[in-house]
Structure formats: structure tokens, C-alpha cells
Undergrad: 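If you scroll down you'll find the structure; I have some questions about it.
Computed from heavy atoms alone, side chains included, the values below leave out hydrogens, waters and symmetry copies.
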Amino acid sequence: GLFTRSPSADFVEYDAPELDYSFAHPKKWLVLRNRLRAGAIASDFDTQDKASVEVLKRWADTEATWDIDIEAMIGAFVAPSDNANEGDSKLYAPPMRAVKISAESDAVARFSFESETTTRSGYDVRRSNFGEVVRKGSKLYGICVSGRTDLLTPEKRVTFEAIVDSFVVN
């Protein structure tokens, strides 16, 4: 993380000795470990706001552009399992031209994008996503905080950015 803002007293840190990362999230959010691979999800299940952490093996060499690493990470955030499009719901990752990328250094980049989900009931839900990817050795660490675009207030955006700012890779 870039530590540009400190989380408020309404936040708690998710950290454990066996993890390579930590992040802060609102106290009322529930945290679940990802059972499919390294990572975690913190969410307010009432509002469907969530923060997801993914840890992936880098596909490319150290000279790769951020587009390649961020595209791999967005694929994990938007469709987090191989079975994500089974059944009646569909998840759609954005084309990379629609992803805003801001490289902070050779090791850290920020991104933002909108994603779409068509629910089993046929409703289209658009989500605003904000995140960061950190390159460390042969791994990529990423955090993505998202919420429904139609419910994104300036206050909620500040909360989402504070969560991203708190992300630290050890």
C-alpha cells in the first residue's frame, strides 16, 4: 500500500502470521478465507460491498507490462473460480482498454474499472472496482474493492480507497 491515508477507528486489520499480506476493512465487514487458492474476501453482505485479495503466480517475466499482470488479476477478481459462469448467472471482465492503470513504481500499480454481472434472475448489475497489484518475486498480490455503481457515494469511495491504501505485502 501507499499509506496515503490512515484507516479510521471504524476499521480493523486483517492479518495473520501465515499470510504474506494485510489490509484494513470496516469493522462490520465479515472476512472469509478463499478456499480455492490463497486470498481472502471481506464483505458487507447487506450492501454487497467487498474487498477481495488474490495471490497469483506471475505468468510473465519481470519485463512484462502492467497490462499483462493486471489482466490476470482482474480475471481472478471478476470470475474467481473456473465455474463462475456456470448456471444462470454470468460475470463479465472488462476489456483492458476500459481499465484505468496508474503505475506507482515497477512493483506497484493501481487500477480501476467497471464490471457487469447478469444475475440468475436476469438483472444486470454494474460494479465499480478499485484496486492495487503488487509484484513480489514470482507472485502477484492484488486487492480489489468493489460496490454497486448505482450505490457508490463519495463517502463510500473514500472508504474503498482507504482499504486499497491499507494493503501491505510483507
Side-chain angles (χ1 to χ4, degrees), residues 1-5 7 11-26 29-43 48-86 90-117 126-147 149 157 159-170:
L2 301 176
F3 297 110
T4 56
R5 272 189 291 273
F11 279 65
V12 294
E13 186 175 24
Y14 178 70
D15 192 10
E18 71 275 9
L19 299 177
D20 295 337
Y21 60 87
S22 65
F23 65 98
H25 60 85
W29 288 21
L30 178 65
V31 179
L32 304 170
R33 294 288 294 266
N34 186 330
R35 296 176 194 252
L36 300 174
R37 58 183 178 260
I41 297 171
S43 181
Q48 299 177 7
D49 296 336
K50 70 177 180 177
S52 300
V53 174
E54 293 284 350
V55 181
L56 303 176
K57 184 174 190 243
R58 286 191 70 197
W59 290 49
D61 62 26
T62 56
E63 300 300 316
T65 65
W66 275 112
D67 287 3
I68 293 168
D69 289 342
I70 290 176
E71 185 173 23
M73 194 58 76
I74 287 173
F77 290 131
V78 173
S81 80
D82 291 337
N83 299 322
N85 287 324
E86 286 186 0
K90 300 289 181 204
L91 302 170
Y92 304 101
M96 283 307 292
R97 68 180 178 278
V99 177
K100 295 180 184 105
I101 299 172
S102 145
E104 303 292 340
S105 70
D106 289 340
V108 179
R110 291 285 175 107
F111 62 85
S112 63
F113 65 94
E114 290 196 354
S115 59
E116 293 182 15
T117 303
R126 189 174 205 74
R127 295 182 71 81
S128 294
N129 299 263
F130 308 91
E132 179 176 276
V133 175
V134 177
R135 294 172 171 161
K136 186 171 182 187
S138 64
K139 292 183 181 178
L140 293 173
Y141 295 83
I143 188 165
C144 183
V145 185
S146 67
T149 301
R157 184 182 179 115
T159 297
F160 288 1
E161 290 173 352
I163 295 168
V164 173
D165 287 346
S166 75
F167 185 58
V168 174
V169 176
N170 304 321

Undergrad: Quick check for you: to the nearest 0.5 Å, what is the distance between F111 atom CZ and I74 atom CD1?
TA: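 If we round to the nearest 0.5 Å, F111:CZ and I74:CD1 are 5.5 Å apart.
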
Undergrad: Identify whether NZ of Lys or CZ of Arg in R135 sits under 6.0 Å from the centre of the six-membered ring of W66 and within 45° of that ring's axis.
TA: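 Cation-pi check for R135 and W66: passes.
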
Undergrad: Please lay out, stage by stage, how R110 and D165 fare under the test side-chain contact (heavy atoms from CB on, under 4.5 Å).
TA: CA-CA 10 Å; R110 291 285 175 107; D165 287 346; 2.8 Å; yes

Undergrad: With sequence neighbours excluded, what pairs up with S128 under the side chain to side chain contact (heavy atoms under 4.5 Å, CB included) test?
TA: E114, F130, T149, L152

Undergrad: So, taking the atom named CZ in F23 and the one named OH in Y14, what distance separates them when rounded to the nearest 0.5 Å?
TA: 7.0 Å

Undergrad: Could you give me the CA-CA distance, side-chain angles and deciding distance for R127 and V78, then say whether side-chain contact (heavy atoms from CB on, under 4.5 Å) is met?
TA: CA-CA 10 Å; R127 295 182 71 81; V78 173; over 6 Å; no

Undergrad: Counting C-beta onward and ignoring hydrogens, is there a side-chain heavy-atom pair between H25 and V12 closer than 4.5 Å?
TA: yes

Undergrad: So, for V134 and V108, which heavy atoms are closest and what is the spacing to 0.1 Å?
TA: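 Nearest heavy atoms, V134 then V108: CG2-CG2, 4.3 Å.
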
Undergrad: What distance do E54 atom CD and I41 atom CD1 have between them, rounded to the nearest 0.5 Å?
TA: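 Rounded to the nearest 0.5 Å, the CD-CD1 separation comes to 7.5 Å.
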
Undergrad: Which atom names give the shortest non-hydrogen contact between G137 and R58, and what distance separates them?
TA: O-CD, 3.8 Å

Undergrad: If every non-hydrogen atom of P94 is compared with every non-hydrogen atom of V99, which pair is closest and at what distance?
TA: CG-CG2, 3.9 Å

Undergrad: How far does OG of S146 sit from CZ of F77, to the nearest 0.5 angstrom?
TA: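 Interatomic distance, S146 OG to F77 CZ, rounded to 0.5 Å: 9.5 Å.
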
Undergrad: Which distance, rounded to the nearest 0.5 Å, do you find between the CZ of R97 and the CG of D67?
TA: 12.5 Å

Undergrad: Over all heavy atoms of both residues, which pair between D49 and G147 is shortest? Give the atoms and the distance, please.
TA: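 The pair with the smallest heavy-atom distance is OD1-CA, 3.6 Å.
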
Undergrad: side-chain hydrogen bond (donor to acceptor under 3.5 Å, both in side chains) with Q48: which residues, sequence neighbours excluded?
TA: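 Here no residue qualifies.
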
Undergrad: To the nearest 0.5 Å, what is the distance between CG on L56 and CE on M73?
TA: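 Spacing of CG (L56) from CE (M73) equals 4.0 Å.
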
Undergrad: Dump the intermediate steps for side-chain contact (heavy atoms from CB on, under 4.5 Å) on S102 and K100, then the final yes or no.
TA: CA-CA 7 Å; S102 145; K100 295 180 184 105; over 6 Å; no

Undergrad: Assess whether side-chain contact (heavy atoms from CB on, under 4.5 Å) is satisfied between D20 and Y141, documenting all intermediate values.
TA: CA-CA 9 Å; D20 295 337; Y141 295 83; 2.8 Å; yes

Undergrad: List the atom of S166, the atom of A24, and the distance in Å for their closest heavy-atom pair.
TA: OG-N, 2.8 Å

Undergrad: Taking ring pair (Phe, Tyr, Trp, His ring centres under 6.0 Å) as the definition, give me every residue that meets it alongside Y21, ordered by chain and number, with sequence neighbours left out.
TA: none

